[in-house]
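What follows is a single structure, written as structure tokens, with notes after it.
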Amino acid sequence: MKVALKLYNSLTRQKEDFTPVVEGRVGLYVCGPTVYSDVHLGNCRTFISFDLIYRYLLYLGYKVRYVRNVTDVGHLEGDVDTHDAEDKISKKARLEQLEPMEIAQKYTNGFHEMMHLFNVLPPSIEPRATGHIPEQIEMVEQIIANGFGYEANGSVYFDVPAFIEKYKNYGQLSGRVVDDLLQETRDLKNQSEKRHPADFAIWMKASDEHIMKWNSPWSVGFPGWHLECSAMSTKYLGERFDIHGGGNDLKFPHHENEIAQNIGACGNTPANYWLHTNMLLLNGKKMSKSDGNNITPVELITGNSPHVSKGYSPMTVRFFTLQSHYSSQLDLTDEALAAAEKGFRRLMEGNKALQSFVGSKDGNKPLDAEIDALINGSFSEMADDFNAPKALAKLFELVTIINKLNDKHLSFDDVSNDCIERLKNCFSDFIFKIFGLSDESTNDGGGVVDGLMQLILDIRSDARTNKDWTTSDKIRNALSSLKIVVKDNKEGSSWVKE
RNA sequence: GGUUCCGUGGCCGAGAGGUUAGGCAGAGGUCUGCAAAACCUUCCACAGCGGUUCGAAUCCGUUCGGAACCUCCA
């Protein structure tokens with residue numbers, strides 16, 4: 001199914017037709033996590049959003065090289081200008097009395113586990129900053145050679161005014177006004193080695209107590225935060241690739257500086273299209289550890305948080321994020337999650353019913369056109385800047401048709417088998433391959449639990465046939481206290497974990 | 001203060017000049033030994049005030065409210 005893909009380019013602030021650099025292939029770079037603590041729930045939303053984008057590109061038949069880095073050095077916290085800043089990984093290593101690489105590994109592992117829970121596909125390449133020190137040093141050299149970097153006391157800074165003079169367009173992504181930047185009145189702190197407040201470090205000299213450091217032409221030190229993405233995207237995707245993504249919060253300074261570095265080093269803007277995902281709010285407010293308005297992925301799943309009345313499964317959370325557009329803020333509330341949980345179940349049950357359908361043999365029946373239109377509609381919504389909520393709405397309209405057929409409110413005589421087969425394929429492709437959902441209700445497929453449950457339900461079914469309501473209710477109540485819901489249908493009984 | 005963006009029914013959330021978004025909840029009904037579940041039907045809307053237009057939730061102005069970045073926090 002070839003459709004013209006449109007996407008909203010943050011760089012131009014316009015929706016544009018997508019044309020890859022090399023036909024049939026897509027180079028996609030997404031800024032990954034800084035692995036100094038457990039992954040933030042908002043970060044999970046970002047990676048779920050890009051997973052959807054990745055999956056849809058794959059579904060369209062593109063050969064996608066998806067690069068998502070791990071930042072394990074260079075991301076500082078504190079005041080850079082006064083050298084009070086400390087590397088996030090190093091700081092955590094000091095506090096936990098571990099090697100920095102142990103910290104990076106520990107939280108990388110945790111991050112991977114969480115991504116797996118949310119059914120996020122692994123990227124094609126997951127490079128880490130510490131594994132690409134030579135590439136970063138090389139890029140600093142290029143930047144200096146091109147006149148956009150200067151050394152001071154063993155550190156190297158990107159010369160923003162020099163860059164502006166040549167290229168004029170610094171700040172395009174984040175809407176910064178060049179003149180304002182140049183005239184910035186903020187005083188440089190005495191200790192600062194920077195010539196201009198807007199300059200930023202691309203190589204930093206390490207202090208004696210600093211653990212993570214490497215030899216370089218300028219000092220024993222470490223690369224600046226933004227540099228790893230520039231170096232690694234260039235290495236694996238080339239000087240000019242298709243899509244660069246990340247969270248909205250990274251637009252400035254991270255992505256702006258990345259662009260400047262790439263242009264400064266290679267003369268090329270790195271990516272043709274920039275995609276930014278929006279923030280996840282909790283009860284209408286930004287998540288913040290300090291004021292308690294915060295929930296971790298684990299707390300959300302287990303329900304161990306004052307912000308939720310119960311735990312929500314990873315797929316419920318994933319479904320929840322699909323109901324909004326990736327570029328909109330999404331407000332996480334207990335009520336909204338409970339609604340998502342039910343909606344998710346309705347979608348999955350609809351698919352289950354659908355997969356057993358058989359239509360009429362002869363082609364072209366009255367309902368075919370309506371069904372086809374909804375299927376095609378859901379695909380074209382996805383092609384329009386990955387509009388999952390709109391596509392999902394169409395899928396739910398299909399669910400209503402499916403249920404009507406199932407309940408004989410509509411007749412199978414009015415649907416051709418071709419149409420049913422197409423619907424079966426497209427519907428399950430959509431929810432499993434594109435949306436990346438999975439059915440959690442019946443795990444343990446064919447295992448011991450399923451066998452036992454079948455036995456129990458058979459016994460209850462016999463009791464009901466004999467109008468032995470005492471036994472049948474006893475079984476139902478006992479299962480209910482184990483959080484298993486028994487569902488009685490015309491064809492018999494089934495069960496689902498609450 | 002600067003740069004972006006948003007305010008949609010009880011809740012979440014699409015849409016974007018004239019047409020039903022969708023999910024959840026509510027109401028009515030079907031089914032059922034009872035119930036639950038499931039299914040069907042259905043009510044409720046575009047922050048306030050001006051303006052443009054034959055027509056505005058959608059465009060413009062303005063007021064109020066919220067969010068992000070600029071400063072450690074995804």
Side-chain angles (χ1 to χ4, degrees), chain A residues 10 13 31-34 37 39-47 75-81 84-86 88 91 171 173-177 180-181 184 186 197-198 246-256 276-281 284-291 294 319-320 322-325 327-347 349-350 353 377 381 387-397 399-400 402-410 464 467-469 472-473 476-477 480 485-490 493-496 498:
Chain A
S10 308
R13 292 160 213 268
C31 290
T34 299
S37 70
V39 62
H40 191 284
L41 186 62
N43 231 167
C44 291
R45 183 200 179 194
T46 296
F47 298 127
H75 199 163
L76 305 184
E77 59 179 64
D79 194 338
V80 183
D81 288 351
D84 286 339
E86 186 169 9
K88 289 184 175 190
K91 181 181 177 186
L173 182 67
S174 54
R176 262 21 37 180
V177 181
D180 291 356
L181 268 177
E184 197 168 357
R186 191 179 99 205
N248 216 197
D249 53 324
L250 295 178
K251 261 189 190 171
F252 191 90
H254 186 60
H255 289 159
E256 201 69 77
H276 285 96
T277 58
N278 216 138
M279 301 292 102
L280 183 67
L281 306 181
K285 291 265 160 60
K286 176 188 184 172
M287 283 196 222
S288 153
K289 283 171 197 164
S290 50
D291 67 9
N294 191 52
F319 176 88
F320 175 70
L322 291 171
Q323 282 183 301
S324 76
H325 191 86
S327 65
S328 298
Q329 288 181 344
L330 174 60
D331 190 11
L332 189 89
T333 62
D334 190 47
E335 220 176 346
L337 284 165
E341 187 174 55
K342 294 204 174 180
F344 173 53
R345 194 183 299 168
R346 178 175 154 88
L347 186 71
E349 293 295 319
E381 295 300 355
N387 199 326
K390 264 189 119 177
L392 192 56
K394 296 253 189 287
L395 255 38
F396 272 111
E397 289 184 54
V399 168
T400 300
I402 290 166
N403 287 333
K404 280 182 180 172
L405 284 166
N406 204 214
D407 287 4
K408 317 281 187 266
H409 293 122
L410 287 172
R464 295 181 73 213
K467 298 197 189 300
D468 178 2
W469 310 128
S472 103
D473 287 353
R476 187 170 69 193
N477 293 337
S480 168
V485 182
V486 176
K487 301 199 272 190
D488 295 330
N489 309 307
K490 288 192 198 84
S493 302
S494 61
W495 63 282
V496 67
E498 202 178 20

* Beyond-backbone contact of A/L332 with A/R45, side-chain heavy atoms, under 4.5 angstrom -> no
* Any side-chain donor near an acceptor of the partner, A/R476 and A/S493, under 3.5 Å -> no
[X] vs [N]: side-chain N/O to OP1/OP2 distance below 4.0 Å:
{"X": "A/R346", "N": "B/A37", "answer": "no"}
{"X": "A/N43", "N": "B/A74", "answer": "no"}
{"X": "A/K88", "N": "B/C73", "answer": "yes"}

Please classify the nucleic acid contact of [X] as base, sugar-phosphate, or nothing, using heavy-atom distances under 4.0 Å.
{"X": "A/V39", "result": "nothing"}
{"X": "A/G343", "result": "sugar-phosphate"}
{"X": "A/E397", "result": "sugar-phosphate"}
{"X": "A/K342", "result": "sugar-phosphate"}
{"X": "A/R464", "result": "base"}

Can you find a donor-acceptor N/O pair under 3.5 angstrom joining the side chain of [X] to the base of [N]?
{"X": "A/R345", "N": "B/C24", "result": "no"}
{"X": "A/D488", "N": "B/A36", "result": "no"}
{"X": "A/D468", "N": "B/G33", "result": "no"}
{"X": "A/R476", "N": "B/A35", "result": "yes"}

Roughly, in whole Å, what's the span from [atom1] in [X] to [atom2] in [N]?
{"X": "A/F396", "N": "B/A21", "atom1": "CZ", "atom2": "P", "answer": "17 Å"}
{"X": "A/K487", "N": "B/A38", "atom1": "NZ", "atom2": "P", "answer": "6 Å"}
{"X": "A/H409", "N": "B/A38", "atom1": "NE2", "atom2": "P", "answer": "16 Å"}
{"X": "A/L395", "N": "B/A21", "atom1": "CG", "atom2": "P", "answer": "19 Å"}
{"X": "A/N406", "N": "B/C31", "atom1": "CG", "atom2": "P", "answer": "16 Å"}

Got a list of protein N/O to nucleotides 41-44 of chain B N/O distances below 3.5 Å?
| unit_1 | atom_1 | unit_2 | atom_2 | d |
| --- | --- | --- | --- | --- |
| B/U41 | OP1 | A/K404 | NZ | 3.0 |

* Asked: Can you check whether A/W469 stacks with the B/G33 base, using ring centres under 5.5 Å and planes within 30°?
  ->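 Yes, A/W469 stacks on the base of B/G33, since the ring centres sit under 5.5 Å apart and the planes are within 30°.
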* Among B/A67, B/G22, B/A36, the one nearest A/V485 by side-chain distance -> B/A36
* Asked: Which ranges of RNA chain B pair up as stems, where a stem means three or more consecutive Watson-Crick or G-U pairs with both distances under 3.5 Å?
  ->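 Correct response: B:1-7 with B:64-70, B:10-12 with B:22-24, B:26-30 with B:38-42, B:47-51 with B:59-63.
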* Which letter, B, S or -, goes with each nucleotide of nucleotides 3-16 of chain B from 5' to 3', with contact meaning a protein heavy atom under 4.0 Å? -> SS------SSSSS-
